[in-house]
Amino acid sequence: VLRSATDYGKLLEAVRGMTWPSRRPVRTGAPGAHRSRLRGVSPEFSEYRPYRQGDDPRRLDWKLLARTDRAFLRLATDRATLPTVLLLDATASMVFPDGAAAKWAQAQRVAMGLAAIALGAGDPVGVTIAGGAGSTVWRTQPRTRAGTLGRIAAALAEAEPGGGPSDTLATEVEQVRWATRVVVLSDFLDETVEPPDRPAVRLPGGALPDGLVAALRTLAAAGVETHAVHVVAREELAPERATFVAVDPESPSLRRPLVAESVEEYVRRFAAWRDVLAGVLRDADVAYHLVVNDEPAVGAVRRLTASRSAR
Amino acid sequence: MSVAVPLFFLGGAALAAAVAALHFLARREPKPRPFPTARFVPERPARAPAVARRPSDLVLMALRVAAVVLLAVAFARPTLETRRPLGRVVLAAGDFELPPAVTAGADTVVRSAGLSAGLVRALRAAAAVAPGVDSLELVIVSPFTEAHADAATLGIRAEWNGRAEVVRVAASEPSVPAVEATLGPDDPLAAAIALAGLAGERGTVRVRRVPPSAADSAWAGAGAALVYWPADLTATGWLTGDTTGAVTAGHATVVHAFRRATPPGGRAVAWWADGTAAAAEHTLGTGCVREVGIDLAAGDLALRETTRRVVAALLAPCGDRGSAGPLSDSVVAALAGAGPLRDARGVPGRMPARVPAQIALLVGAAIVLVAEQTLRRRVKPS
């Protein structure tokens, strides 16, 4: 059971020194590690630009003006911080399979790894956990101060995954437009109603989580660096051949016998659904990452942080 | 216990095993298990075939297996009695003394004057013997003469589906007709009659060397046989003036240069070598008059064995042309038949003895099936 930051000792040790650059220049923010859209006064020279009326005369290159009698501004690349919010899906479907191999545990590990890297770069990091019985929300505000990682670990430990499907996570995603980087860790199975008006994304076996996807698309369209971490279990990718009745933990009325003859069709449907989900998200400029529950969390974190970074 | 059709036992066992296996493979809902991506599982009936550690509905399974076993046993036709491998039916056709060696070990001995009637009796006797044996052996004991067989014999024999053992015995000596003959001591016919053992004071055959009198005719008309055997053929006018090499009567032939004499009319009872009649018989009342044109005066002709047999044939009672000849070898071989012994299971009249046991098994299976149906309706009311 992961209850404190020390429980993630090996993971945190492994991600030490790793960086998580932003995918594009940061619009604004306090000085930090990420490249800003603004040209500021940082010591890192970028280029010269002719002086225009209204420019800050303090940024004039006086030596150049004295030497050539031409007024140029000395531009430098600003570095900004990247407020990061990690949103975790804590519905019942994440508690599969049981124990430390559950998708929820893997989401916890990946979230802690990302939080540690972001905090290492000076970015404020907050965590929002949506799910559990009664659609509870556990939240930590983005902080950079010491002990933030411990509070995040405590929040992750406090959360009790469970409960049926809800749109709580989608609602939380819609409310973090102020953030500049949002990471959603979910199995994307929390859909209450299949959207009948979206046949393009309807597939045999289940529809896309319309509310969550829509929220992510809106977020990405608003310029927020958005990551969708799709956590799946190995058992979901390749179920065993034993015959059993598959019961949706979030909708117990959904009971379908999984026999050896239907495994192939199940795998095909699930893969097709994942492809559509990834396609829809990538088309919306949402970075899609597939993380399997039994893969090393360090590898998953490294894969996430290395994707399409902006220079 | 023996079983008529063991294959039903094997089939019943296989079917019972299949029935029991089906109770282990009953369609039931498999064990439920949380599976978040259940929505991607193809829809199909929730009940799927699953192997169980314990059979479902033990009582139903027991009833079904019992029904199958009862039906299999019923169709296998088991018999509890101890059966002997061989039953022996002895048929004695004819008038003779049965050798003890033949009757030893016989289940039944059938006696009859003829083969046809005897075979019919043997077939009936086989039905009584068959229930206790696997195979039936028919032993036909007979002199096998033409007198014992008739046109129906082989047809009746064909009803016995199996080979038979043929034992030929000597027929009892036929009753010798007493021949009344007033003959001189030098008469060769007298010698021949004496040698044939036919001589007697009163009998059913009377021999006259001269034309018979009215008294003789009256005597013959009362059912006796009057034989007119002229001592001098010259006076009869039967001589044709030539000679012939042999004469045949009964089953004997005497070879000699006879003067041919042909009695007029009547039914020929002896023939010269060329087929003309040497003796003829006329019916007279219930008897007959037989005229013989054979001259026995020459040499030792009357002393020959063949002559004795010809004389015996000609001095036989009316209608008797002598003792019947032996049956041909082909007829005897047909009576013996070939192939295996007769299978006792195919004997008509044998089955009814087993029907009650089979019916009991079938009734038992029906009762079990009714119980199974009733129980099934209680377990799963429709």
Side-chain angles (χ1 to χ4, degrees), chain A residues 89 91-98 102-104 161-162 165 186-191 194 203-207 231-233 235-240 242-274 293, chain B residues 11-69 372-382:
Chain A
D89 179 4
T91 52
S93 62
M94 291 292 286
V95 194
F96 178 83
D98 294 331
K103 293 188 287 185
W104 169 246
S186 171
D187 55 11
F188 293 91
L189 295 173
D190 305 320
E191 184 58 33
E194 293 186 0
L203 287 171
V231 185
V232 297
E235 292 82 352
E236 293 172 341
L237 293 172
E240 58 180 319
T243 299
F244 63 92
V245 173
V247 180
D248 190 335
E250 298 182 11
S251 302
S253 61
L254 180 57
R255 301 163 64 88
R256 293 179 184 174
L258 182 59
V259 297
E261 295 79 31
S262 56
V263 166
E264 189 175 346
E265 174 63 13
Y266 159 80
V267 170
R268 189 191 66 76
R269 289 183 179 187
F270 188 37
W273 182 83
R274 290 196 314 272
N293 66 325
Chain B
L15 191 57
V19 168
L22 284 176
H23 277 261
F24 282 90
L25 293 171
R27 288 179 66 84
R28 59 169 62 87
E29 185 170 308
K31 187 178 179 182
R33 192 183 300 176
F35 200 67
T37 50
R39 71 189 66 174
F40 302 105
V41 176
E43 291 188 56
R44 55 185 298 156
R47 293 171 67 84
V51 180
R53 290 182 180 176
R54 298 183 62 183
S56 60
D57 303 323
L58 270 173
V59 178
L60 268 179
M61 185 188 77
L63 287 173
R64 287 167 179 166
V65 169
V68 169
V69 170
E372 187 266 350
Q373 180 77 2
T374 306
L375 185 62
R376 186 148 51 93
R377 288 185 176 178
R378 286 185 183 178
V379 171
K380 296 175 182 176
S382 55

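Remember, predicted model here, so these are calculated numbers, not experimental data. Side chains are part of it too, since the values below use all heavy atoms of this structure and drop only hydrogens, waters and symmetry mates.
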_Any non-hydrogen side-chain atom of B/Pro36 less than 4.5 Å from a side-chain atom of A/Lys103?_
yes

_Flag side-chain contact, heavy atom, 4.5 Å: B/Arg33 against A/Leu258_ = no

*Considering all heavy atoms of both residues, which atom of A/Pro257 and which atom of B/Val41 are nearest to each other, and what is their separation?*
O-CG1, 3.6 Å

*Check B/Arg39 against A/Leu189 and note the closest heavy-atom contact, atom names and distance.*
NH2-O, 2.7 Å

*How about B/Pro42 and A/Glu261: do any of their side-chain heavy atoms sit closer than 4.5 Å?*
no

*First locate atom CZ of A/Arg256, then atom CZ of B/Phe35, and finally report the distance between them rounded to the nearest 0.5 Å.*
12.0 Å

*Does A/Tyr266 reach the side chain of B/Thr37, with side-chain heavy atoms less than 4.5 Å apart?*
yes

